[in-house]
Structure formats: structure tokens, C-alpha cells
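For reference, the structure discussed in these notes is given below.
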Amino acid sequence: MESLPTTAPSKSERRGKSSKSSQSSSKPSVIMAFFSCLAWLYVAGRLWQDAENRVVLNNILKTSYDQKPKVLTVDDKLMLLGCKDLERKIVETEMELALAKSQGYLKNSKSGSSSGKKLLAVIGVYSGFGSHLRRNSFRGSWMPQDDALRKLEERGIVVRFVIGRSPNRGDSLDRKIDEENQEKKDFLILDNHEEAQEELSKKVKFFFSAAVQNWDAEFYIKVDDNIDLDLEGLISLLESRRGQDNGYMGCMKSGEVVSEEGEQWYEPEWWKFGDQKSYFRHAAGSLLILSKNLAQYININSGSLKTYAFDDTSIGSWMIGVQATYIDDNRLCCSSIVQDKVCSVA
């Protein structure tokens, strides 16, 4: 019986089969590894996001806890009540101090008289850095100098040029004024005021405050730097008004409020003066006189008093709210042709 012939596979055939089987088995492994990496990245991302969310949540909880109203203990309540009581006492003390100042009890008030008696008047003549020649002109005419100025103060009249400080503090302008004052001794220098055209309405507050704080007088007078005074005539007028409480004296006027920007006497806050655009009654700024208690009122309330574009209308607005006695005297109309007037335009 013949046996069937058998053929053994060659070596090359065996290598081909093994390479095919290894390729077929490696593809699923690569795919599984890829999906495993994706799954790992997804899980890692979720874990990182959860960690960030926990941090944000912790911060929110901490903030909410800090803002949560705390329960006050009895000691805390007592301390709070004590602070309120102390605050009330401070307010009451400030009110009492303001009342004492308004009645003339000023610790820093000084008398301009060597005898210590009360003065009749303090006259402040407005001046500026470029007005040296005009000051000398006044000194050579109606305003006394040196010994004559001291003798006038013995009669109860103090006259001073009123000026602020340069915007560039301590510069040549300030130094020249200090040198002139050292020589003439006839300045009232407002250290807290900046001398500038746009600051003139504020200057009047600083002047009356400084005058009240430095001299005890019955009257305080503001005079522009283009006004000549009949000093003896002014003194006679003031003598006749001694004891005039709440006196607001001057050449009283009113007039239209200028609302067009660029025009002379323009008032930026014209709309506050009503539909008729008319000023209230007030003394002209060339020469105006306040009694002691009205000047003290400005001193005490200077921080809250509203100023307008011009100093005379500013003062007039302050006088509306107090018990001021308006005294319209033609002798104080410096630009008029009235006889026996005590001032004139220089």
C-alpha cells in the first residue's frame, strides 16, 4: 500500500505566516493604547477642573463667612453705645465752641491797640503782587506811614494792605512782599490764600477771618485797591454807628446777572439766581463794612460758605441767611458824584 507524499513547509513560508500573525495582533494593541491615553487625559482633566472648582468654592465660602454678621457680645454693645455717646458729646462741644466764638470769646484774638482797648475798625485794602506803585501812592496820600500809622492805631484804626501768597510758594514774588512788609509793616499777609484773579471771591473769606482773629474791633472794612479814602470822614461815619450790631453797610445795589460766557461780569452759576436773572440786594465791593459779629460769622463758617464769581455778591449771599441790618449809605458810593462821600475811584 502506497503512502501519500507529504511536503514540509519551507522556512520562508513559516516566516511569512508568523509576520502576518504578529501584525494582526499588534493593531488592536495600538488602538487600545490610544484609547487608554485619551481616557487618562480625560480623567486627569476632570480631576484638575474639580480641584480648581474646590478652590473657588472655598474662597466663596470664606468670603461669605467673613461678611456674615457677627453676634455682638454685651461688651461690644456697651463699647458701641459709648462711642455714640462720645460722638454726641463732641458735636455738642463743637456747637458750644461756635457759639462762644460768635459771642466774641476768641482765645487767639489780639488787640491792635497798645492800650489794649477795643478798636473802632480794621481796614483791609486789597492789593496784588504788581501793585507796588499804587501802594506807594496810597502811602503818600490818605494812608499814614511809620509813626503816623502807629498813632492812628492808638486812635483805634488799623489799616493794612491785604495780599495772599504766590502759587509758587516762596518765590521772588513772596520774598518781595515779605521785604516790603518788613520795611513798612503795613501788610496783612494771608498765608492760606493763593493770590490770583480767579480766587478773589475766596480772598474775602480769608481777609475777614484773619482780621477777626488778629484784632478785636467794632467794624471790619474791605476796600478795593483802586479806591482813595477820606480817612477822617470814614472815621466820623463809623463813630456815628458805634454799637450797631449786625451792621452790613455800603452802597447797596442789585442788577442783572450776566449769563453769557465771555462777557464782562459773567456769572458761571447764573441759573441759581432765578428766571429773572437778578442779583439780590448787596453792598458794592469797592467799599463795604461789616460789624464784628457778622465778620465773626464768616470766620466761624468760612469752610462751608459758598462763593460766587464776585466777592460782593458772595458776601451778599451770606448776609441773606443771618439777621443782618442793611445800611445803604450814599457816602459809601465811591463811583458816584454824591457830596460828602468818604471814598472815590483813584
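One is the number of the first residue; the rest follow in order along the sequence.
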Qualifying residue, where the test is side chain to side chain contact (heavy atoms under 4.5 Å, CB included) with Leu229 and the options are Val342, Ile235, Val223: Val223

Run through Glu239, Arg241, Arg155 and flag the one making a side chain to side chain contact (heavy atoms under 4.5 Å, CB included) with Leu120. Glu239

Candidates Lys202, Arg169, Lys203, Arg165 - the one meeting salt bridge (charged side-chain N to carboxylate O under 4.0 Å, His left out) with Glu195: Lys203

Should [X] and [Y] count as side-chain neighbours, where that means a heavy-atom distance under 4.5 Å?
X	Y	answer
Val158	Leu188	no
Cys251	Ser286	no
Tyr326	Met252	yes
Ser201	Phe310	no
Leu119	Phe219	no
Val122	Arg160	no
Asp186	Phe138	no
Lys253	Asp312	yes

Are [X] and [Y] grouped together when hydrophobic residues (ILVMFWY) are joined by side-chain heavy atoms under 4.5 angstrom apart?
X	Y	value
Trp215	Val125	no
Phe206	Ile163	no
Val204	Leu294	yes
Ile289	Val322	no
Tyr308	Tyr297	yes

Distance, nearest 0.5 Å, that separates [atom1] of [X] from [atom2] of [Y]:
X	Y	atom1	atom2	result
Glu267	Glu260	CD	CD	13.5 Å
Ile221	Leu290	CD1	CG	9.5 Å
Leu173	Arg175	CG	CZ	9.0 Å
Lys205	Ile298	NZ	CD1	9.5 Å
Cys343	Leu332	SG	CG	6.0 Å
Trp318	Asn301	CH2	CG	10.5 Å

Closest non-hydrogen atom pair, [X] against [Y]:
X	Y	value
Pro144	Leu231	CD-CD2, 4.1 Å
Ala324	Met319	CB-O, 4.0 Å
Gly124	Val162	CA-CG2, 3.5 Å
Asn299	Val212	ND2-CG1, 4.0 Å

Parallel under 30°, tilted from 30 to 60°, perpendicular over 60°: which one fits the rings of Tyr126 and Phe207? perpendicular

Side chain [X], main chain [Y], donor-acceptor under 3.5 Å:
X	Y	result
Lys341	Ser336	yes
Asp224	Asn226	no
Asn181	Ile177	no
Glu199	His193	no
Asn168	Asp171	no
Lys185	Gln182	yes
Ser141	Ser137	yes
Ser317	Ser314	yes
Ser166	Asp174	no
Lys222	Leu288	no

Dump the intermediate steps for side chain to side chain contact (heavy atoms under 4.5 Å, CB included) on Asp230 and Trp142, then the final yes or no. CA-CA 7 Å; Asp230 174 6; Trp142 64 265; over 6 Å; no

Does CD1 in Ile320 sit with more than 12 non-hydrogen atoms of other residues, nucleotides or ligands closer than 6.0 Å? yes

When you look at NZ of Lys272, are more than 12 heavy atoms from neighbouring residues, nucleotides or ligands closer to it than 6.0 Å? yes

Using a strict cut-off of less than 4.0 Å between a Lys/Arg side-chain nitrogen and an Asp/Glu carboxylate oxygen, indicate whether Arg281 and Asp328 qualify as a salt bridge. yes

Are Glu269 and Lys306 ion-paired here, with the side-chain N under 4.0 Å from a carboxylate O? yes

Check the pair Ser209, Ser302 against side chain to side chain contact (heavy atoms under 4.5 Å, CB included), reporting the backbone distance first and the verdict last. CA-CA 8 Å; Ser209 295; Ser302 61; 3.9 Å; yes

Test side chain to side chain contact (heavy atoms under 4.5 Å, CB included) on Asp178 and Ile189; report intermediate values, then the result. CA-CA 9 Å; Asp178 289 334; Ile189 299 176; 3.6 Å; yes

Whether the Asn293 and Asn246 side chains hold a donor-acceptor pair (N or O, under 3.5 Å, no angle test) is what I'd like checked. yes

Can you sort out the partners of Phe208 under ring-ring contact (aromatic ring centres under 6.0 Å, His included), two or more places apart, ordered by chain and number? none

Can you name the residues that form a ring-ring contact (aromatic ring centres under 6.0 Å, His included) with Tyr266, not counting sequence neighbours? none

Are Phe280 and Phe273 close enough that their ring centres sit under 6.0 Å apart? yes

With a 3.5 Å cut-off and sequence neighbours excluded, list the donor-acceptor pairs that the side chains of residues 128-136 form with protein atoms.
residue, atom, partner, partner atom, Å
His132, ND1, Glu180, OE1, 3.3
His132, NE2, Asn136, ND2, 3.1
Arg134, NH1, Asp225, O, 3.4
Arg135, NE, Glu180, OE2, 3.0
Arg135, NH1, Ser127, OG, 2.7
Arg135, NH1, Gly128, O, 2.7
Arg135, NH2, Glu180, OE1, 2.9
Asn136, OD1, Arg139, NH1, 2.9

Side chain to side chain contact (heavy atoms under 4.5 Å, CB included) between Trp265 and Glu256: does it pass, once the steps are laid out? CA-CA 10 Å; Trp265 313 119; Glu256 181 184 359; over 6 Å; no

